[in-house]
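Okay, so here's the structure we're looking at.
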Amino acid sequence: MPKSRIRKKADYTPPPSKQTTSIKLNSRAWVAPVMLAMFVIGLAWIVVFYVTDGSLPIDALGNWNIVVGFGFIAAGFGVSTQWK
């Protein structure tokens with residue numbers, strides 16, 4: 001049976017160096033204050049509702065005041081997705 005030819009491997013050549021590109025992060029300084037404000041407003045809304053036995057912040061909403069408070073908190077989480 002004939003022997004196979006031995007292939008000569010090329011010497012190692014390092015890959016070309018990559019140029020470093022600076023990543024410019026957009027300044028979103030507004031995100032953190034808005035997020036925290038939404039959290040605090042939502043929490044305060046729920047706390048005021050419970051402390052005043054449902055007469056405040058909006059008496060006509062009744063127990064829907066809890067949904068409004070959690071809505072503010074959910075909006076805070078929604079804003080937090082924009083934070084980089």
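Heads up: numbering here begins at 1 and tracks the sequence.
- There is no path of hydrophobic side-chain contacts, each under 4.5 Å, that joins Leu56 to Val51.
- Across all their heavy atoms, Val79 and Met35 have their closest contact at CG1-N, 4.1 Å.
- Sorted by first then second residue, the side-chain hydrogen bond (donor to acceptor under 3.5 Å, both in side chains) pairs that include residues 71-81, not counting sequence neighbours, number zero.
- The side chain to side chain contact (heavy atoms under 4.5 Å, CB included) with Tyr50 is formed by just one residue from the set Thr52, Val48, Ile46; it is Ile46.
- Val40 pairs by the side chain to side chain contact (heavy atoms under 4.5 Å, CB included) definition with nothing, not counting sequence neighbours.
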Taking only distance into account, with no hydrogens and no angle test, what donor-acceptor pairs under 3.5 Å do side-chain atoms of residues 57-76 form with protein atoms, sequence neighbours excluded?
unit_1	atom_1	unit_2	atom_2	d
Asn65	OD1	Trp45	NE1	3.2
Asn65	ND2	Ile58	O	2.8
Asn65	ND2	Gly62	O	3.0

